[in-house]
Amino acid sequence: MDILVTGGLGESGRWILDRLAAAHEVTCLDRRLPDDGIDGVDYRRLDLTDAGAVFDVVTAVDPDAVVHWAAVPVAGTHAGVDLYRNNTLAAYNVVTAAGRVDAPVVQASSDGAYGFFFAEETPLPDAVPITESHPRRPEDPYGLSKVVTEEIAKTVARREGIRVASIRPSWIQLPEEYPCRDPDYVEDLAAGAGNYWSYIDVRDVVDLVEAALAGVRNGAFDGHEAFNCVATDNALGRPLRELFEKQYGDTPAEFAVEGDSSAYSTAKASRLLGWEPAWSWQHRSE
C-alpha cells in the first residue's frame with residue numbers, strides 16, 4: 001500500500017513514519033528535508049499551506065491512503081492567527097487533495113478541540129468520562145484550529161465520499177522522557193489539571209493510527225469519525241474523583257469513572273477500530 005504522510009519529521013510523526021515505512025511504500029511531506037531520514041521513505045519538501053504544491057504532489061503520488069500529521073502542535077509558540085492559518089489551510093489542502101484522488105485519511109486532531117486545556121479558567125466537563133460527543137468549546141486558536149480541521153474532514157467526506165478518522169491525542173509522551181512523571185508535575189496538582197491529568201504513550205498513538213488506517217480502508221465506519229486517544233489511567237495514579245474534588249472543589253454531576261482511570265473514554269476506538277491503549281506510565285521503560 002502506498003501511504004502519504006505529512007509531518008513525519010515531528011516527534012510523534014517520526015514514530016508513525018517509522019512504523020508505516022516498515023510495511024508500506026511511504027512518501028513524506030514536510031517543510032524541510034530530514035538530516036537523518038528513514039530508509040525507504042521518499043521525502044518531499046513543500047509548504048502544506050500552498051494549495052497548488054499540495055495538489056501537485058498528492059495527485060502525482062496518488063496514494064492509497066493519507067496520514068495528515070502536520071500542524072503547529074500546541075498553543076503559545078506562534079502568534080494565534082499564524083497558528084490558526086497554518087493548521088486550517090494545511091488540513092484543507094491535504095484532505096481536499098486526498099478526496100480528489102479517492103484516498104481515505106487519518107489526521108491529527110487533539111483533545112484541545114474540547115476547549116479544556118487552554119481555557120482561561122479550566123471548565124468542568126459536562127460528564128466524565130469524556131466521550132467524543134462532548135461539546136467542543138475552545139477559547140484559543142489551537143483548539144479552534146482543530147475544530148475547523150475536523151469540520152473540513154466532515155465536508156470532504158460528504159462531498160468526495162471518502163472516510164476520514166480524526167485522532168484526538170492528549171499530551172503525547174515519548175518512552176525515554178515521560179514528562180507527566182516529572183516531580184514538578186506529580187507534586188503540583190494544578191500542573192495537569194487542564195486536561196484532567198491525561199496522557200498517551202506515543203506507541204499507543206502509532207497503534208491507533210494503524211488501526212484507523214485499516215478502518216478507513218475497510219469500511220469500519222462511513223464519513224468522518226473522531227477518536228479519543230488517551231491512556232486508560234491518569235498520570236498521577238490517584239483516584240480521579242479525588243483529584244477533581246481537590247483541584248476544583250466539585251465534580252460533574254455525571255461521573256462514571258472508578259479509581260485512577262482516565263477522564264476520557266476510548267470505548268469508541270475500541271468498538272469501531274479494535275484499538276485499546278496498552279501503555280502506562282507504570283511500565284513506560286519496558
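As a basis for the values below, the full set of heavy atoms in this structure was taken, side chains included, without hydrogen atoms, waters or symmetry mates. Just so we're clear, the structure is a prediction, and the values are computed from it rather than from any experiment. Residues: numbered from 1 along the sequence shown.
- Counting only distance, with no hydrogens or angles, the side chain of Asp182 and the backbone of Asp184 share no donor-acceptor pair below 3.5 Å.
- Across all their heavy atoms, Gly112 and Pro138 have their closest contact at O-CB, 4.2 Å.
- Atom SG of Cys229 sits about 9.5 Å away from atom CG of Asp201, to the nearest 0.5 Å.
- Residues Phe55 and Tyr92 do not share a hydrophobic cluster, clusters being chains of Ile/Leu/Val/Met/Phe/Trp/Tyr side chains in contact below 4.5 Å.
- Across all non-hydrogen atoms, the minimal contact from Asn195 to Gly192 is OD1-O, 3.1 Å.
- For the pair Tyr199 (side chain) and Trp281 (backbone), a donor-acceptor distance under 3.5 Å is present.
- Heavy-atom contacts from other residues, nucleotides or ligands closer than 6.0 Å to CZ of Arg45 number 12 or fewer.
- Within the 3.5 Å criterion, the main-chain N or O of Pro169 finds no donor-acceptor partner in the side chain of Asn228.
- Using modelled atom types, no side-chain atom of Thr149 and backbone atom of Thr88 make a donor-acceptor pair closer than 3.5 Å.
- Of the inter-residue distances, the one linking Arg14 atom CZ with Ile16 atom CD1 reads 13.0 Å to the nearest 0.5 angstrom.
- Note that NE2 of His224 is 6.5 Å distant from NZ of Lys154, once rounded to the nearest 0.5 Å.
- Under the side chain to side chain donor-acceptor pair (under 3.5 Å) criterion, Ser12 pairs with Trp69, sequence neighbours left out.
- Ion pairing between a basic and an acidic side chain is recognised when a charged N comes within 4.0 Å of a carboxylate O; Arg19 and Glu210 show such pairing.
- Under the 4.5 Å side-chain heavy-atom criterion for Ile, Leu, Val, Met, Phe, Trp and Tyr, Tyr142 and Val230 are members of distinct hydrophobic clusters.
- In this structure, Gln173 contributes its side chain and Cys180 its backbone to a donor-acceptor pair below 3.5 Å.
- Contact check on Asp47 versus Arg31 returns a salt bridge, with a Lys/Arg side-chain nitrogen under 4.0 Å from an Asp/Glu carboxylate oxygen.
- Within the 4.5 Å cutoff, the side chain of Leu20 has heavy atoms near those of the Leu213 side chain.
- Taking hydrophobic clusters as Ile, Leu, Val, Met, Phe, Trp and Tyr residues chained together by side-chain heavy-atom distances below 4.5 Å, Val106 shares a cluster with Val41.
- Salt bridge Asp42/Arg44: present, at least one basic N to carboxylate O contact under 4.0 Å.
- With no hydrogens or angles considered, no side-chain donor-acceptor pair links Glu150 and Ser166 at under 3.5 Å.
- Residues satisfying the ring pair (Phe, Tyr, Trp, His ring centres under 6.0 Å) criterion with Trp171, sequence neighbours excluded, are Tyr185.
- Nearest heavy atoms, Ala165 versus Phe221: CB-CZ, 3.9 Å.
- Electrostatic pairing of Lys146 and Glu151 does not count as a salt bridge here, judged by no charged N lying under 4.0 Å from a carboxylate O.
- When atom types are taken as modelled, the side chain of Asn218 and the backbone of Ala214 share a donor-acceptor pair closer than 3.5 angstrom.
- Between Ser262 and Asn234, the side chains place no donor N or O within less than 3.5 Å of an acceptor N or O (distance only, hydrogens not considered).
- With values rounded to the nearest 0.5 angstrom, Trp279 atom CH2 is found 9.5 Å from Asp207 atom CG.
- Aromatic ring orientation, Tyr264 versus Tyr114: tilted (interplanar angle from 30° to 60°).
- Pairs passing the salt bridge (charged side-chain N to carboxylate O under 4.0 Å, His left out) check and including a residue from residues 233-245, sequence neighbours excluded, read Arg238-Glu242, Glu242-Lys246.
- For Asp126, the side chain to side chain donor-acceptor pair (under 3.5 Å) partners two or more places apart in sequence, or in a different chain, are Arg137.
- Checked by atom type and distance alone, the side chain of Arg168 pairs as donor or acceptor with a backbone atom of Glu132 at under 3.5 Å.
- When all heavy atoms of Ala70 and Leu48 are compared, the pair lying nearest together is CB-CD1, 3.4 Å.
- More than 12 heavy atoms of other residues, nucleotides or ligands sit less than 6.0 Å from atom CD of Glu160.
- Legend: residues meeting ring pair (Phe, Tyr, Trp, His ring centres under 6.0 Å) with Tyr196, ordered by chain and number and at least two apart, are Phe116, Phe244.
- Partners of Tyr43 by ring pair (Phe, Tyr, Trp, His ring centres under 6.0 Å), not counting sequence neighbours: none found.
- At a threshold of 4.5 Å between side-chain heavy atoms, the hydrophobic network of Ile, Leu, Val, Met, Phe, Trp and Tyr places Leu9 and Leu46 in two separate groups.
- Side-chain N or O atoms of Asn93 include one that pairs as donor or acceptor with a backbone N or O of Thr49 at under 3.5 Å.
- Looking at Arg271, its side chain never comes within 3.5 Å of a backbone N or O of Thr266 through a donor-acceptor pair.
- Although no hydrogens or angles enter the test, the distance criterion places a donor-acceptor pair under 3.5 Å between the side chain of Asn87 and the main chain of Val72.
- In this structure, Val5 is a member of the same hydrophobic cluster as Ile172, with clusters built from ILVMFWY side-chain heavy atoms closer than 4.5 Å.
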